[in-house]
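Any value given below was found using the heavy atoms of this structure, including those in side chains, with hydrogens, waters and symmetry copies removed.
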Protein chains: 2
Amino acid sequence: MDSGADLTQYARPSVTVDVLVFTIMEQRLQVALIKRGIAPFKNRWAIPGGFVQMDESLEAAARRELAEEAGVQDVFLEQLYTFGDPQRDPRGRVITVAYYALVPDRNLTLTASTDAREARWFAVDEMPSLAFDHKEILQQALERLKSKLEYSNIAYGLLPPKFRLSELQQVYEIILGRPLDKRNFRKRMVTLGLLEATRQVDKSGAHRPAQLYRFKKRKIVAFK
Amino acid sequence: MDSGADLTQYARPSVTVDVLVFTIMEQRLQVALIKRGIAPFKNRWAIPGGFVQMDESLEAAARRELAEEAGVQDVFLEQLYTFGDPQRDPRGRVITVAYYALVPDRNLTLTASTDAREARWFAVDEMPSLAFDHKEILQQALERLKSKLEYSNIAYGLLPPKFRLSELQQVYEIILGRPLDKRNFRKRMVTLGLLEATRQVDKSGAHRPAQLYRFKKRKIVAFK
DNA sequence: TGAATAGTGTCTTTCAGACAATATGCC
DNA sequence: GGCATATTGTCTGAAAGACACTATTCA
């Protein structure tokens, strides 16, 4: 900080948070987008977000957006990266702190907020053209998600509290984009010691019921 | 973005970049700090930083600070995290985007910039009390550095272009804080394929000269 | 020739990956 | 009994980790 006590002598940028909300639905990784109702990029799809209020933390702003747009609370949320190219918003200098959130699939209803026409889920492999630098932001979020999946228990964010091992495996396969060997996957997950079997089984479907597991900690933990 | 085209209707926070400059000197990991010459936290040590200008990107702002404070260019620089607690600066709402940089040990001269009394290196295991939330920022930078060291070639940032394998090992030992087996270390580094031997040897010292190596890419590369 | 650092190989253990048959519950 | 999914073990190869002696140069 090489500044004086007077903050007013410096021009100030606008600061927003953008929140990428991911879920798995219909066997695909999906992200919530809103259709912009106003310029710039009117009618273009965009990552939901909004201005940071002067009295709220960045994470609080992200959680507020998350509640407003997706109606969820208590979900995994992590800061991704801050994007601050001076040209990224044609209206002026806007720096955005991007967050990403993971929500379990439980028929979420997205809400089109004030300035949005529409809100819906898009599979990440079939994205429309995005507003601002949102394509780049999404790209970076996907990389983070893939890499964290490999060395942490982050998958808990996409699953209900109790789940079948085959569901967990599907989460991995969908995000990594490749099939995994069932025996090796189960062996690894169990020996990592992050899971525990519950006393319940899942009896949906005309077949052998599956043991239900849960993560011991619903908090991010790195492997090894 | 649920905003209108008019950015002026929202109060705007101040935005700074803070830059943690790390180097290895005297067998220790050190970070550059400045002693604040003005309130708040007058006379307290702090991570150097400054306000983001309206026409420069965040990274450009960080590089500018780096040039001003440490007089270096073309060094490893990466965005760390953005800290935005509303109370983190008593002067008002100041959001800071923290970066960290790695510089090779070549007798850098730190410059006390305008509002700083003094600038000097501190070993990270003997830190003074820091201004603002800078202790937390440093903590997070150290974690990032340790973890990136384990799965990337980030060490190149702390070494001159050509170096002895024993110097590379020292970088690892100092940052990870534990001794490593020489044979295993060399085997691993060489088989990773990121290094190449130069035709030069280092003849300083009254002992057998060492082969000099360099990183094939002076750009961050993940292992595996 | 002594001091100081460079350089090198084997064995063991651990982990990842390939691979297929049996078990259980529901209809 | 047939269908659908759950559950389980072995072998192989690669990489990590423990471990100690010889080589080279200079003073």
Produce a footprint string for nucleotides 22-27 of chain C: one letter per nucleotide, 5' end first; B if the base is under 4.0 Å from any protein heavy atom, S if only the sugar-phosphate is, - if neither.
-BBBS-
Taking OP1 and OP2 of dA6(C), is either one under 4.0 Å from a side-chain nitrogen or oxygen of Arg164(B)?
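So the side chain of Arg164(B) is within the cut-off, an N or O lying under 4.0 Å from OP1 or OP2 of dA6(C).
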Arg188(A) side chain near dC15(C) phosphate (N/O to OP1/OP2, under 4.0 Å):
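No.
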Counterpart residues, side-chain contact (heavy atoms from CB on, under 4.5 Å), relative to Ala60(A) (two or more places apart)
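Checked Ala60(A) against side-chain contact (heavy atoms from CB on, under 4.5 Å); matches are Glu56(A), Ser57(A).
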Could you pull out all residues at least two apart from Ala62(B) that satisfy side-chain contact (heavy atoms from CB on, under 4.5 Å)?
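With sequence neighbours excluded, Ala62(B) shows a side-chain contact (heavy atoms from CB on, under 4.5 Å) to Val19(B), Leu77(B), Tyr99(B), given in chain and number order.
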To the nearest angstrom, how far is [X] atom [atom1] from [N] atom [atom2]?
X: Asp202(A); N: dA6(D); atom1: CG; atom2: P; result: 8 Å
X: Gln211(A); N: dT5(D); atom1: CD; atom2: P; result: 19 Å
X: Phe185(A); N: dC15(C); atom1: CZ; atom2: P; result: 18 Å
X: Leu180(A); N: dA6(D); atom1: CG; atom2: C1'; result: 17 Å
X: Leu176(A); N: dG17(C); atom1: CG; atom2: P; result: 11 Å

With sequence neighbours left out, what residues match [X] under ring-ring contact (aromatic ring centres under 6.0 Å, His included)?
X: Trp45(A); value: Phe122(A)
X: Phe215(A); value: Phe163(A)
X: Tyr213(B); value: none

Once you apply a heavy-atom cut-off of 4.0 Å, does Arg186(B) come out as touching a base, just sugar-phosphate, or nothing?
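Base: the residue Arg186(B), judged by heavy atoms under 4.0 Å, touches a nucleobase.
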Tell me what Ser166(B) touches on the nucleic acid: a base, only sugar-phosphate, or nothing, going by heavy atoms under 4.0 Å.
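Since only primed, P, OP1 and OP2 atoms lie under 4.0 Å of Ser166(B), the category is sugar-phosphate.
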Arg183(B): which residues meet the salt bridge (charged side-chain N to carboxylate O under 4.0 Å, His left out) condition with it, sequence neighbours left out?
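Residues passing salt bridge (charged side-chain N to carboxylate O under 4.0 Å, His left out) with Arg183(B): Asp181(B).
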By salt bridge (charged side-chain N to carboxylate O under 4.0 Å, His left out), which residues pair with Asp74(B), not counting sequence neighbours?
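Here no residue qualifies.
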Is there a donor-acceptor contact under 3.5 Å linking the side chains of Thr23(A) and Asp105(A)?
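Asp105(A) and Thr23(A) do not have a side-chain donor-acceptor pair below 3.5 Å.
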Quick one: which protein N/O atoms are closer than 3.5 Å to N/O atoms of nucleotides 9-14 of chain C? Pair and distance per line, please.
{"from": "dT10(C)", "atom 1": "O4", "to": "Lys187(B)", "atom 2": "NZ", "distance (Å)": "3.3"}

Assuming nearest nucleotide by heavy-atom distance, tell me which of Lys182(A) and Ala210(B) is located more 5' along DNA chain C.
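The residue whose closest nucleotide sits nearer the 5' end is Ala210(B).
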Starting at CG of Leu138(B), measure out to CG of Leu130(B) and round the result to the nearest 0.5 Å.
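Rounded to the nearest 0.5 Å, the CG-CG separation comes out at 6.5 Å.
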